[in-house]
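Shown next, in structure tokens, is the structure this report addresses.
Hydrogens, waters and symmetry mates are skipped; everything else that's a heavy atom, side chains included, is used.
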Amino acid sequence: MSPTNVRKILILRFSSLGDIVMATAMIRCLRATFPLAQIDMVVRSDFLELIKTNPHLDRTLTVDRKEGLRALWMLRKEVNRQHYDLIYDAHRSLRTLLLMPFLRSENKAYFSKPYLKRSLALIFKWKALIRGSKRMLERYIEPLEKFGVSYDGQGPELFPQVPSHFEELCKKWQLSKETKYVGIIPSAQWPGKRWPLSRFKETLASLVHDTSESVLIFGGPEDHFCQELASGFSEDRVINLQGKLSLRETIEVLSLLKLCIANDTGLMHMADALAIPSVLIFGPTNADMGCLPYHPQSKILEHALWCRPCSKNGEAPCIRRKRWCLELTSPELVFKTTQKLLSDLPVGGTP
């Protein structure tokens with residue numbers, strides 16, 4: 001399809017945080033192929049801040065998860081009023097599968113989820129079926145290749161635009177825009193992906209006692225264990241921001257980091273999209289699932305165990321009763337890997 005024949009494009013990707021961030025590479029590549037087209041995107045309302053300032057989008061629409069089918073029905077009416085030339089279901093969730101047949105467009109594309117291969121790999125440990133899989137951000141582009149879209153190799157991106165209250169935000173939490181911090185992200189949507197809190201605490205102690213780094217702790221409103229992690233450390237060196245930042249503020253504050261230590265979680269992908277390298281601790285998921293950091297200096301810590309991966313997002317119970325995939329990663333290894341990454345970064349920590 002010629003770029004001149006496509007005037008209006010719609011992308012559906014309702015959630016989740018990390019997936020929307022990884023899909024930003026697709027948005028950029030779509031814009032490069034269709035520079036004159038109107039490109040709109042629909043996300044869940046609580047994730048709007050991830051794409052609100054994206055310069056490659058002309059319009060952003062939202063659905064509210066609390067409104068259920070009513071929200072889908074209202075979205076259907078709005079979409080059909082717009083007469084899109086191409087609609088891309090980049091989600092393939094139950095809701096988008098219900099919605100797509102009722103959306104009118106000459107051209108439709110669908111994100112491909114390898115349900116069978118993934119299930120066989122997870123249940124029967126036929127890991128060869130997923131070994132060497134493409135990064136998720138590349139897989140978002142594959143269904144659009146028939147329309148001339150190709151991956152540019154540049155990775156995900158977010159666009160922090162310092163709000164007028166950013167100076168007040170820094171003052172409130174005693175942050176300096178001139179300081180590059182180390183970030184710790186001990187949370188994950190599924191508890192099964194979380195490295196034990198005691199290990200994070202040992203690593204934090206090493207950072208405080210054996211380096212001059214200042215540390216920021218990130219977490220969502222429900223991640224109250226971050227308070228335990230920060231306890232016992234001076235607020236001059238360790239600032240706990242758990243539950244205190246909006247999504248937009250989180251983007252802004254993440255941009256102050258030189259690196260982060262994280263589980264396999266959405267905030268890590270946000271940091272990655274801001275060109276911040278990570279020390280990533282993989283557990284029940286692994287690199288073959290495709291959710292890798294793009295930054296070339298990021299370090300992945302994982303172990304070649306027969307039981308890995310055991311689930312697509314860490315929600316399945318551990319069949320060995322103890323998650324050796326996480327337990328075998330020691331605080332000493334994480335700290336030494338962090339030290340090495342810090343020494344490899346340019347002065348000031350800017351990648």
Side-chain angles (χ1 to χ4, degrees), residues 1-63 75 78-79 82 84-93 96 99-100 103 105 107-113 134-161 247-248 250-251 254-255 266-276 290-295:
M1 176 178 290
S2 169
T4 58
N5 295 332
V6 176
R7 297 169 300 167
K8 301 183 75 172
I9 302 170
L10 180 68
I11 305 164
L12 303 176
R13 180 72 222 192
F14 295 167
S15 63
S16 57
L17 195 154
D19 293 287
I20 294 172
V21 172
M22 287 185 284
T24 57
M26 173 267 294
I27 300 170
R28 181 184 62 248
C29 295
L30 194 59
R31 171 58 70 195
T33 305
F34 300 102
L36 302 179
Q38 175 182 324
I39 302 178
D40 302 340
M41 186 171 183
V42 186
V43 297
R44 214 169 67 194
S45 56
D46 48 329
F47 295 122
L48 176 61
E49 295 293 348
L50 292 173
I51 62 168
K52 191 174 181 179
T53 59
N54 192 312
H56 307 303
L57 294 173
D58 295 288
R59 187 184 179 202
T60 55
L61 299 90
T62 63
V63 290
L75 178 62
E78 174 60 24
V79 170
Q82 293 296 322
Y84 288 101
D85 301 302
L86 170 60
I87 298 178
Y88 177 28
D89 179 0
H91 200 159
R92 288 299 295 274
S93 66
T96 59
L99 181 64
M100 283 293 283
L103 301 183
S105 178
N107 301 283
K108 294 182 180 182
Y110 298 85
F111 178 59
S112 177
K113 291 187 177 180
K134 288 185 178 180
R135 292 174 183 269
M136 189 67 72
L137 58 86
E138 295 179 70
R139 286 167 50 195
Y140 281 124
I141 297 169
E142 285 183 330
L144 298 172
E145 290 176 351
K146 62 182 178 181
F147 300 103
V149 182
S150 59
Y151 178 45
D152 60 9
Q154 297 302 307
E157 56 188 354
L158 289 176
F159 299 91
Q161 294 186 358
L247 189 55
R248 168 51 49 186
T250 300
I251 295 172
L254 280 172
S255 68
L267 285 181
M268 181 277 295
H269 290 292
M270 287 175 62
D272 189 52
L274 293 166
I276 297 161
C291 297
L292 297 167
Y294 171 79
H295 198 289

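A donor-acceptor pair is defined here as one N or O able to donate and one able to accept, closer than 3.5 Å; no such pair exists between the side chain of D272 and the backbone of P156. Distance alone, capped at 3.5 Å, places no donor-acceptor pair between the Y151 side chain and the A25 backbone. Distance alone, capped at 3.5 Å, is enough to place a donor-acceptor pair between the Y88 side chain and the Y140 backbone. Checked by atom type and distance alone, the side chain of T33 pairs as donor or acceptor with a backbone atom of C29 at under 3.5 Å. Between the side chain of R44 and the backbone N or O of F14 there is no donor-acceptor pair closer than 3.5 Å. Side-chain N or O atoms of R13 include one that pairs as donor or acceptor with a backbone N or O of S15 at under 3.5 Å. No donor-acceptor distance shorter than 3.5 angstrom exists from the side chain of K134 to the backbone of E142, with no hydrogens or angles considered. No donor-acceptor distance shorter than 3.5 angstrom exists from the side chain of D40 to the backbone of T60, with no hydrogens or angles considered. A donor-acceptor pair under 3.5 Å is formed between the side chain of R31 and the backbone N or O of F34. Of the possible polar contacts, none joining the R7 side chain to the L36 backbone as a donor-acceptor pair under 3.5 Å is found.
For the pair I27/I11, a side-chain contact is recorded, criterion being any heavy-atom separation below 4.5 Å from C-beta on. At a threshold of 4.5 Å between non-hydrogen side-chain atoms, the residues F147 and V6 do not count as touching. Residues P293 and M268 are in side-chain contact: their nearest non-hydrogen atoms beyond the backbone lie under 4.5 Å apart. By the 4.5 Å heavy-atom criterion applied to side chains, L10 and M41 are not counted as neighbours. The closest side-chain heavy-atom distance from Q82 to Q38 is below 4.5 Å. Annotation: side chain of R139 is in contact with side chain of F111 (closest heavy-atom distance under 4.5 Å). Between H269 and I20, every side-chain heavy-atom pair lies at or beyond the 4.5 Å cut-off.
Taking OG from S255 and CE from M270, the interatomic distance works out to 10.0 Å, rounded to the nearest 0.5 Å. To the nearest 0.5 angstrom, F159 atom CZ is 5.0 Å from N54 atom CG. To the nearest 0.5 Å, the span separating CD1 on I51 from CZ on R59 amounts to 12.0 Å. The distance from atom CD of E138 to atom CZ of R135, rounded to the nearest 0.5 Å, is 7.0 Å.
V21 approaches A273 most closely through the heavy-atom pair CG1-CB, 3.6 Å. Residues L274 and P160 share a closest heavy-atom pair of CD2-CD, 3.5 Å. For K108 against K146, the heavy-atom pair with the smallest separation is O-NZ, 4.0 Å. L17 and L50 make their closest contact through O-CD1, 3.9 Å (heavy atoms, listed as atom of the first residue, atom of the second, distance). A pairwise comparison of heavy atoms in L61 and E78 identifies CD2-CG, 3.8 Å as the closest pair. P143 and S112 make their closest contact through CG-N, 4.3 Å (heavy atoms, listed as atom of the first residue, atom of the second, distance).
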side-chain contact (heavy atoms from CB on, under 4.5 Å) between I9 and L30, intermediate numbers included: CA-CA 9 Å; I9 302 170; L30 194 59; 3.8 Å; yes

side-chain contact (heavy atoms from CB on, under 4.5 Å) assessment of D152 paired with R28: CA-CA 9 Å; D152 60 9; R28 181 184 62 248; 2.7 Å; yes

E145/S150 under side-chain contact (heavy atoms from CB on, under 4.5 Å): CA gap, chis, key distance, verdict: CA-CA 6 Å; E145 290 176 351; S150 59; 5.8 Å; no

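Judged by distance alone, the side chains of Y84 and N107 never bring a donor and an acceptor atom under 3.5 Å apart.
Few gaps surround NZ on K8; more than 12 heavy atoms of other groups in view lie less than 6.0 Å from it.
Evaluated for a side chain to side chain contact (heavy atoms under 4.5 Å, CB included) with L99, the options V63, D89, L12 yield exactly one hit, L12.
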